[in-house]
Each structure stands twice: as C-alpha cells, then as structure tokens.
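Here's the structure, in structure tokens; my notes come after.
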Amino acid sequence: MNLTLHVWRQAGPSTEGAFATYEARDISGDMSFLEMMDVVNEGLIERGEQPVAFDHDCREGICGSCGMMINGVAHGPMKATATCQLFMRHFHDGDAIHVEPWRARAFPVIKDLVVDRSALDRVIAAGGFITAPTGGARDANNILIAKTNADDAMDAAACIGCGACVAACPNGSASLFTGAKITHLGQLPQGQSERDRRVLQMVAQMDEEGFGGCTWHGECQEACPKNISLDVIARMNHDFLVASWTGAGDKRD
Amino acid sequence: MFWRSTIGKKMVMSVTGLIMVGFVLVHMLGNLQIFEGAARINAYSHFLHFTINELLWLLRIILLVSVILHIVAAIQLTRIDRAARPVGYERKEPQAATIASRSMRWGGLALALFIVFHLLHLTTGTIHPVPFVPGDVYANMVGGFQMWWVTLIYVLAMIALGLHIFHGAWSSIRTLGVNRPKARPTRRPIAAAVAVAVWAGFTLVPVAIFFGWVR
Amino acid sequence: MPLDAHVPSGPIGEQWDRRKFEMKLVSPANKRKYTVLVVGSGLAGASAAASLAELGYDVKCFCFQDSPRRAHSIAAQGGINAAKNYQNDGDSVYRLFYDTVKGGDFRSRESNVYRLAEVSVNIIDQCVAQGVPFAREYGGLLANRSFGGAQVSRTFYARGQTGQQLLLGAYQALERQVGLGRLHMFPRTEMLDLVMIDGRARGIVVRDLVSGAVTSHAGDDVVLATGGYSNVFYLSTNAKGSNCTAIWRAYKRGAGFANPCYTQIHPTCIPQSGEHQSKLTLMSESLRNDGRVWVPTRGGDTRAPGAIPESERDYYLERKYPSFGNLSPRDIASRAAKEVCDEGRGVGPGGRGVYLDFADAIKRLGENTIRERYGNLFEMYQRITGENPYAVPMRIYPAVHYAMGGLWVDYNLMSTIPGLHVAGEANFSDHGANRLGASALMQGLADGYFVLPYTVGDYLATAKPAPVNASHPAFREAERGVADRTAKLLAINGTRTTDSFHRELGKVMWEYCGMARNEKGLLFALDRIPQIREEFWQNVDVPGSDAELNQALEKAGRVADFMELGELICRDALERRESCGAHFREEYQTPDGEALRDDEHFAHVAVWQYRGDHQTPERLQEPLEFDNVHLSQRSYK
C-alpha cells in the first residue's frame with residue numbers, strides 16, 4: 001500500500017517545529033508501524049535528508065521506548081498496543097497518517113518525535129520502590145501473598161513507562177503512571193511500611209514535574225498499551241487521603 | 001501539603017461538589033412541591049425561613065463556602081492542567097472522554113453565571129419581569145417564568161447542570177478513592193440516574209409554568 | 001597475558017565462602033572516596049549500581065536508552081531459575097549447577113557455575129523483598145514452572161514478563177539511590193571508549209546522545225554490563241539498540257574476548273515475514289511446556305494444519321528425544337527445526353517454520369488455563385502475525401538470541417584489564433557453549449547483587465587505586481580518538497545507508513556462522529566481512545552532525561564495531577574444530593547428527609587478544625577442568 005505521512009519535524013529542543021509530508025511507498029501489511037518509519041527514513045537518507053528521529057528499542061512492546069500520536073491517538077488505533085506492535089495491516093492504501101510527538105510540559109521535545117520522559121524516572125526516585133537493601137531479605141516463601149493480590153499487583157506492575165497516559169490525557173496528567181506503581185507496591189505485604197510515605201512523595205514529585213491533574217476523562221486507560229485500569233488512580237487517591245489524614249505527611253523527610 | 005497537591009485540590013472539589021449535589025437534590029424536591037399548590041410550597045418556604053432560620057443560614061454558609069472552594073480549586077487546577085500542555089496537538093481524537101467530562105470547565109463557568117442570575121431572579125427579585133413579592137414563592141415562580149428567554153436560560157442551564165453532575169458525581173467518588181473494581185469510565189448508572197433526576201426535576205417546573213400547566 | 005581465573009582452592013561447595021572471607025574490605029568511611037562507573041542498566045548493571053551505592057560507593061551509571069528501565073533485560077519473558085526446591089521434586093544447588101554445566105555442553109568454568117547456583121536462592125528472596133510480583137499459588141506460596149534442559153520445576157515467573165518485573169525491581173532500587181543522591185544516572189549516554197592509565201581501567205569516554213558532547217568520567221573501577229552482541233546478525237531477538245560497542249572498545253584496549261562464536265539460537269521465535277523485517281520476536285521457551293512441536297511427515301504438504309491427520313504429523317522432538325521431548329535444550333531444538341526445514345518439511349511462507357501446537361493442551365487443561373499461563377504471548381503472536389493461536393498452531397522458527405561469549409573474566413568477574421569488571425551477558429562466564437532457559441536473568445542478578453558488591457570492593461581494597469580525574473592526558477587522547485572516528489563517519493558521505501550494510505553483514509553471519517557452520521563457509525565469511533567493512537568505511541552515508549541527537553550516527557558507530565566483531569566470531573568458530581552446544585560444526589557430528597565435542601583438544605576457553613587493526617588477534621586458552629561433573633556426551637534422549 002501507499003501512504004501519506006504528515007510528520008512533526010523539529011530540529012532541536014528550542015527550535016520551531018513544523019509538519020512535513022512524506023510518501024511511504026510499497027508498505028506491506030506485515031510491517032510494524034516503526035518498520036514503515038524505517039522505510040521512510042532510509043528513503044530520506046538516500047535523498048540526502050535527515051531521517052525522522054523517534055525513540056524505539058525492543059520493538060516487542062515491552063521496553064516502553066516508542067510512542068507517538070498517530071492520527072490523534074496515542075500509540076495509534078489499536079487498543080492495548082504500543083506503536084512498535086501496531087501493524088500496517090490496520091491501515092489502508094491511500095491513507096493519510098498524522099504523526100506527532102507526545103505533548104506535555106513535563107515531556108519537552110528533544111527532536112522530531114523524541115521527547116524527554118525523565119520526569120517519570122524522578123517520580124519513581126521519589127518513592128516508587130520498596131526499601132530492601134541487597135542481602136537482607138528473608139526466605140521468599142515466608143511472605144505469603146494471596147494469588148488475587150499478586151495478580152492485581154502484577155496488573156499494575158505491567159506499566160512500561162511509555163508516557164502514553166500523559167500524552168493522551170487532556171490535562172497532561174501522569175496519574176495513571178503514578179497510580180500504577182502505588183497500586184503495584186501497595187497491594188503487597190512488603191510494600192506496607194512505606195505505603196503512606198510513598199504516595200505522598202510520589203504525588204508531590206508528580207506535581208512538581210508539571211503534570212496536570214486527573215479529571216477522569218478515562219483517556220489514559222484507553223491509550224495504555226498494557227491495559228492498566230483507572231482503578232489505580234482511585235487507589236492512589238485513597239492512599240493519598242489516608243496518608244494525609246493520618247499525618248504521615250508531617251513525617252516526610 | 002494536602003491543598004498544595006493536585007489530588008488534594010481535587011478532593012476538595014469532590015467534597016464540595018457532593019455537598020452541592022445534595023443541596024441541589026433537596027432544592028429540587030422543594031421546587032416540585034409547586035405541583036401541590038401555592039399553600040404547600042409557600043408553607044415550605046415559611047418553614048425554611050422562619051422555623052429553621054438559623055439552620056438555614058448555617059446551611060447557606062456551608063453552601064457558600066463550598067461554592068467558593070469549588071471554584072477556587074477549579075480555577076487553580078484548570079491553570080495547572082492548561083500549563084501541563086503548553087503546545088497542543090494538531091490532531092487529537094478523544095477515545096473515552098464524554099461530552100460531560102469535556103464540558104466540565106465551560107459548563108461550570110456557565111453554571112456559576114447562572115447561579116448569579118438565578119439569585120437575582122428568584123431570591124432577591126432584582127431581575128424579575130412581574131412585581132416580586134417576598135415570601136410568596138408560588139407567585140414569584142409563576143410570574144418569573146412567563147418570559148420565553150428566562151425559561152430558556154433555565155432549560156439550558158439545567159442541561160449543563162445535568163452533564164456537570166453526570167461526570168462530577170461519578171468522578172468525585174473516584175477522586176475520593178472509592179474503588180469499584182473494574183469500573184468503566186462510560187458505565188456509571190448511579191451518576192446517570194442522579195443527573196437525569198436533577199435535570200428532569202428542575203426542568204419540569206419552568207417548562208410547566210411557561211406552558212401554563214401551573215398558573 | 002595471564003589467564004589465571006583466580007578460582008579459590010578447596011571443595012567447590014566451599015569456594016565462594018572461602019573467597020568472601022579472603023577478600024579485603026573497604027572501610028565504610030573510605031567507600032565514598034571510590035567512584036565506580038557502571039555502564040549499562042539492565043539486570044546486571046542496575047543491580048550492581050544499586051547494591052554498590054547502598055554500600056556507600058560513589059556510583060555513576062550510564063545507559064544509552066532514555067531511562068534505565070528500558071534496558072533489554074526487560075524483554076525476557078519466561079522466568080528465572082533458582083535452586084529453591086519449593087516443589088519438593090529433587091532440586092538442589094548441586095543439581096542446578098550440574099544442569100547448567102551440562103546444558104552448556106561442558107564448556108563453562110565449574111566454580112563460577114556453582115556459585116551461580118548457590119546465590120540463585122538469594123536472588124529470589126531479594127526480588128520478593130523488593131516487591132517483584134512473582135506468580136503465586138492459591139495458598140500464597142510462590143509458583144514454579146519447568147523449563148528447557150531441566151527435569152525439575154525451578155523456574156520462577158511473573159506472567160510472561162519476568163524480565164520486566166525483575167528489571168523494574170532493580171531499577172527501583174537504583175532510582176531509590178538516585179533519590180538519595182548516592183548514585184548519578186546518565187541516561188541517553190553512550191560509552192565510546194575505555195580509558196587506561198598505568199595498565200588499569202580508570203575511566204570512560206562517553207557521548208551525550210542529546211547534545212552530542214563527548215566527555216570523560218574518571219573512576220576507580222569500571223563495570224561493563226552492556227549486554228550481548230547478537231545484533232551482529234542484524235536480525236535477532238535483541239532490542240534495536242543492543243550493541244557491542246562498549247565491550248569492543250574494551251577489547252581493543254586489551255581486554256580478552258572469550259568464546260565469541262558461542263551465539264545462541266532460540267528455537268521459539270516468530271518466523272520472518274519479509275525483507276523489511278527489523279527484528280525477530282521471541283516467544284518464551286516456556287511455551288514448549290504445553291505446546292507440541294511438529295511438521296508434516298511429507299515435504300511440500302501445503303494443507304492447513306488442522307487438515308493434516310495425526311498420522312501424517314511428525315512430532316520430531318518427541319520422537320528423537322523421548323525423555324526431554326519438547327523441552328530439549330535450545331540448541332538441540334533449534335537445530336532439529338533447521339533440519340526438518342532443510343528437508344523441505346517446513347511450514348509457512350518460505351518453508352522456514354515449524355508448528356507449535358496447543359490443541360492438546362487446550363483440550364487437556366482448557367483454554368482458560370492456557371490463557372492464564374501464556375495469554376500475553378498468544379496476544380503478541382496474534383498481533384504480529386494476524387493469526388489466532390488458540391485456533392491454529394503457532395508457527396515458529398529459530399532466531400539468534402543470546403551471546404554466551406563475551407569479555408573474559410576471572411572468578412571475581414574481572415577482565416584481563418585490572419579494574420575492569422564485566423557482568424551479565426557482556427561477560428562469557430557461566431553458560432559455556434549454550435545457555436539454558438531462565439538462566440540469563442539468574443546470572444545477571446547474581447553478578448550484580450551478589451558477586452560484584454564483594455569483588456569490586458576486594459579490588460579497590462587490594463589495588464588501592466590512586467585518585468585520578470578526567471584532566472589526565474589519557475582522557476584527552478581517548479576523547480580525541482572518539483571525536484576523530486565520529487568525524488570520519490560523518491565525512492564519508494557515501495551512497496548506502498548503515499542499515500543496508502548491517503543487513504549485508506547479518507546475512508553473511510547467519511548463512512555461514514549461524515545454526516550450523518563449516519570450514520568452507522567460515523573461510524568465505526572471513527574473506528567477505530573485511531570487504532563489506534571496507535566498503536562501509538568508503539561508502540556509508542551518515543547524515544546530520546555530531547552536535548545533536550543523531551540516531552543515524554549512533555547506528556553507524558555501532559555497526560562499524562559489529563563489522564569487526566563479526567570477523568572475530570567467524571575466526572573463533574573456525575578455530576574451534578569441534579561441535580559443542582550452540583557451536584555446531586558440520587564436520588564434527590555423531591552419526592545421528594548430534595554435536596561431537598573434542599574434549600581432548602578443546603576443553604578450554606578461547607580468549608582472543610587484540611594486537612592491532614591489521615593483525616590477526618592472538619588466541620589464548622584457559623583450560624577447563626571438570627572435577628565435579630563427569631564429562632559426557634550430552635544426551636536428552
């Protein structure tokens with residue numbers, strides 16, 4: 001099939017960007033979206049132009065590197081699918097495809113479709129962990145975890161940190177990302193002692209990074225390539241309320 | 001700490017919003033007494049203003065504080081949310097957001113303006129087409145809805161209110177951390193029922209008066 | 001070059017304890033005076049960086065991805081082995097040790113493997129404490145599954161995302177140290193050279209991939225945890241960014257490169273669909289627990305799989321290896337698949353595929369159980385191929401997956417360069433000529449959590465490296481070298497893209513140095529690869545500049561190194577005149593087509609020493625002694 005791409009091109013963080021139009025020819029339905037971009041890029045290099053920069057790595061939907069707005073939808077039209085796992089068989093010959101980078105204050109554009117998502121790392125650094133220094137652990141089977149709890153924790157832990165939730169949210173909120181980590185760790189017995197502190201620190205960092213607030217549009221859940229549920233946000237809020245109420249906030253260090 | 005965070009502000013909006021939903025429901029039930037005649041609704045007004053006057057003022061203060069907090073939080077959050085995306089998308093296709101969720105801000109602003117209008121119209125009688133008689137609620141209401149444009153403002157405002165409650169009542173519960181497992185953003189029967197009831201209950205009165213079913 | 005592995009004396013079961021006691025310690029107050037540079041943030045790198053920072057060292061960690069959480073360890077699916085014996089099925093440290101040595105076809109160092117098996121139990125404890133959501137039984141205890149090359153259930157897993165969950169555990173521990181200010185993370189930063197002063201590793205030169213700036217970091221110890229080099233084959237299951245640059249530069253600075261020809265082919269990957277393919281997707285080997293591998297008995301059978309009656313199917317793994325059947329080790333399963341496809345019995349486009357059929361398992365256990373176990377793998381398969389594996393059998397074909405070879409390290413995981421430690425897939429230790437499933441995660445975490453924190457300290461306490469900073473002339477010289485090379489790549493302005501060269505190299509490697517190798521093919525490859533490399537340096541087109549995010553430049557630099565490594569791999573494969581594990585030389589096989597080892601001449605590690613760009617590298621040997629495991633021909637029949 002042949003396609004027309006409208007792609008955001010921006011040379012650097014502080015330069016003005018604009019859309020450019022490219023033709024993608026002889027695209028097979030068995031190509032992934034990124035492989036289609038590879039074809040376009042090879043063509044650009046052969047014509048002496050700069051290829052379109054985009055983040056990608058594992059190309060099997062787990063590393064969370066890739067992500068673009070495709071026709072106004074984060075990661076494109078397929079539900080629960082990262083951009084690298086979106087296959088061209090879902091497009092039709094002659095389609096025009098709009099490609100934009102994630103847009104958020106906390107995700108400044110570095111170049112073309114590449115954005116800086118280090119804000120998400122800082123949210124984790126603020127409290128998205130269980131303090132368990134190497135070597136001090138007791139036998140793994142001494143901690144009993146009901147299967148349902150382990151499964152729920154795993155559902156939330158499946159987050160790949162791609163930032164699609166932020167990109168899709170009309171408010172540029174990172175609540176789904178933050179809520180997922182709070183839910184993952186908060187579901188487990190090992191995560192209880194730091195539960196109050198974790199939610200307060202992570203929420204504070206999330207706000208500090210300049211993400212917006214949650215207004216429950218539900219766009220994040222639809223965009224999430226790992227199907228993470230809005231429930232994680234309710235859970236984050238619950239934990240936040242409890243932690244604020246019990247005064248754990250005063251004990252922040 | 002609590003108020004400084006987006007979640008804290010949102011929780012304040014939730015609680016104050018739910019208080020207002022409670023008020024609106026009681027207000028609506030009061031209004032519907034108009035269908036039982038002048039004596040009934042005027043007696044109700046008398047009960048509110050004289051029998052439980054102190055309580056009424058307490059409730060008014062709570063309501064006023066709620067409205068102020070709700071609006072202040074809304075303005076602050078809106079600014080934060082807008083700042084979170086300084087460069088918008090050229091193309092963005094909503095996947096889950098509803099008309100209700102997307103109209104919260106403009107709808108909220110419209111409702112704030114409407115409340116001012118409503119107070120000037122039926123509480124103080126400043127804007128009132130026929131002579132306003134303090135205490136005669138029945139006559140004021142019947143007199144107040146004779147003009148088509150007044151009725152239209154109420155009808156439109158109630159659509160805004162219904163939408164605002166449809167999204168707000170549901171999301172408030174979620175904001176407060178109540179977690180109904182596997183809830184879908186589009187499926188929320190209780191919020192829908194409250195929203196429809198409020199919309200219908202409030203719309204019925206001005207429409208009935210305008211078309212002369214209550215005179 | 002001395003190739004003393006520094007293995008502790010005494011019985012194998014006491015060696016690690018003995019070594020830990022013999023080690024010199026750095027006092028708590030002195031630890032923060034030492035800077036450790038950790039390159040790579042996968043399981044080995046992140047766990048080492050976090051653990052070393054916890055101990056109090058000043059740690060800097062570097063990764064080329066935009067976040068340490070994206071290292072390719074994240075893509076490991078199936079699980080992690082540990083000799084916990086929670087299933088009461090006869091497992092023990094000794095059995096895990098034995099299985100791993102045997103699985104590696106007796107080409108690994110016994111002592112390292114024993115230690116790996118020993119600390120495997122601590123890894124599970126550590127990960128659970130961090131909140132890794134391993135699968136659980138209804139009673140709340142940990143669940144296990146079985147895996148290729150073992151007859152016990154010792155594999156712990158978190159759905160099909162075990163690597164992700166383990167990596168996130170290590171990443172969170174790392175980020176915790178970042179938050180505490182004890183660890184500095186440098187994402188989007190690629191190591192381009194190793195800096196040596198007085199014969200020791202004293203720092204690295206890096207390029208900031210966003211600004212293009214080339215800078216240096218000085219340190220007292222350098223840990224390379226930069227993963228494997230399977231992308232030398234162009235198509236592999238590795239992430240697109242996975243590369244050999246860090247270890248290759250270390251090799252060129254004098255670190256010995258061990259067993260480069262041991263590259264593992266994974267049997268259960270989704271077959272290639274066309275020329276455009278940019279990578280191959282692996283599906284966890286755990287699928288072979290319940291899936292049955294077959295091809296039609298008759299070549300050229302184009303009927304739909306469902307229309308082929310039972311009597312005309314050849315479940316060749318079950319037929320040839322009755323006791324391990326579909327769970328035969330990776331190299332054996334891969335080669336068997338190639339064999340049946342070479343016979344013309346392959347299925348799917350191009351005849352390069354075999355069926356992996358779940359019909360029996362679904363009948364026996366129900367679709368829900370299968371969905372529970374492999375749901376995400378099935379979804380992934382369907383997404384990529386457009387076929388529903390619950391209804392029609394999957395098609396699979398082997399693909400390059402893992403590099404057992406890597407920089408040579410001693411028992412302390414130190415390379416031949418003092419102060420340069422190597423961990424995880426980047427080193428050669430533990431897996432011999434073939435890695436068993438669910439052992440890579442185990443090794444990465446064992447190295448990072450439980451070996452390096454001791455041995456790096458021992459090195460620092462023993463060598464007491466003098467303070468150094470990046471103003472030393474050695475850094476200037478290395479930076480100049482990096483800048484010159486970059487400038488050279490940008491100045492070529494040829495007519496071919498980097499990818500086209502990479503594809504060409506990959507085809508040669510796969511064809512002549514893939515699943516089966518022979519002298520003629522290897523000699524051809526050794527002739528061809530330098531030609532491709534020469535053309536690359538004259539005709540590649542790298543657009544853009546070095547002062548910006550330039551992904552084409554990054555790629556070109558990595559492919560340039562692959563071109564050199566590819567040649568070394570072929571050379572090593574040529575010189576190893578035997579078949580062992582993943583290295584299958586057609587000249588050396590048993591009458592029934594199994595790998596034929598030559599223990600008399602090749603029971604050693606081949607270590608290659610760089611001697612200059614135009615010199616043939618020197619092949620050194622570390623003899624392997626087997627005191628605890630009896631050398632035998634591997635049999636999975």
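Protein chains get the first letters and strands the later ones, always in sequence-line order, with residue 1 at the start of each.
Atom CH2 of B:W199 has 12 or fewer neighbouring heavy atoms from other residues, nucleotides or ligands inside a 6.0 Å radius. Annotation for B:L32: atom CG counts as buried by contact number, over 12 foreign heavy atoms lying within 6.0 Å. By the 6.0 Å contact criterion, CZ on B:F35 is enclosed, its count of non-hydrogen atoms from other residues, nucleotides or ligands being greater than 12. Environment of CD in A:E16: sparse, with no more than 12 heavy atoms of neighbouring residues, nucleotides or ligands closer than 6.0 Å. In the displayed structure, B:I62 atom CD1 is contacted under 6.0 Å by more than 12 heavy atoms of other residues, nucleotides or ligands. Other residues, nucleotides and ligands contribute over 12 non-hydrogen atoms within 6.0 Å of the NE2 atom of B:H121.
By the side-chain hydrogen bond (donor to acceptor under 3.5 Å, both in side chains) test, A:T215 pairs with A:N171, A:H217, sequence neighbours left out.
Checked by atom type and distance alone, the side chain of B:Q95 never pairs as donor or acceptor with a backbone atom of A:E219 at under 3.5 Å. Looking only at distances, a side-chain donor or acceptor of A:E100 sits under 3.5 Å from a matching main-chain atom of B:R91.
Annotation: maximal heavy-atom pairing with chain A below 4.5 Å, among B:M13, B:R105, B:K9, occurs at B:R105. Looking only at heavy-atom pairs under 4.5 Å with chain B, the residue among A:G212, A:S175, A:C220 that has the most is A:G212.
Taking CE of A:M236 as the reference point, atom OG1 of B:T175 lies at 9.5 Å (rounded to 0.5 Å). To the nearest 0.5 angstrom, B:S171 atom OG is 11.0 Å from A:L230 atom CG. Between atom CG of residue A:D207 and atom CD1 of residue B:I7 there is a gap of 7.0 Å, rounded to the nearest 0.5 Å.
Inter-residue side-chain proximity for A:W245 and B:F2 is flagged as unmet; no heavy-atom pair is nearer than 4.5 Å.
Using a 4.5 Å cut-off between non-hydrogen atoms, the part of residues 102-114 of chain A that approaches chain B consists of A:W102, A:R103, A:A104, A:R105. Listed in order of number, the residues of residues 74-85 of chain B that approach chain A to under 4.5 Å between heavy atoms are B:I80, B:D81, B:A83, B:A84, B:R85. Using non-hydrogen atoms only and a strict 4.5 Å limit, the part of residues 160-170 of chain A facing chain B consists of A:V166, A:A167, A:A168, A:C169, A:P170.
Interface remark: A:N71 contributes backbone and side-chain atoms alike to the contact with chain B (heavy atom separation under 4.5 Å).
Taking both residues in full, the closest heavy atoms of B:A96 and A:G218 are given as CB-O, 3.5 Å, listed atom of the first, atom of the second, then distance.
Side-chain contact annotation: A:N237 with B:R174, donor-acceptor N/O pair under 3.5 Å absent.
A perpendicular orientation is assigned to the rings of A:W216 and B:W170, their planes being inclined by more than 60° (bins at 30° and 60°).
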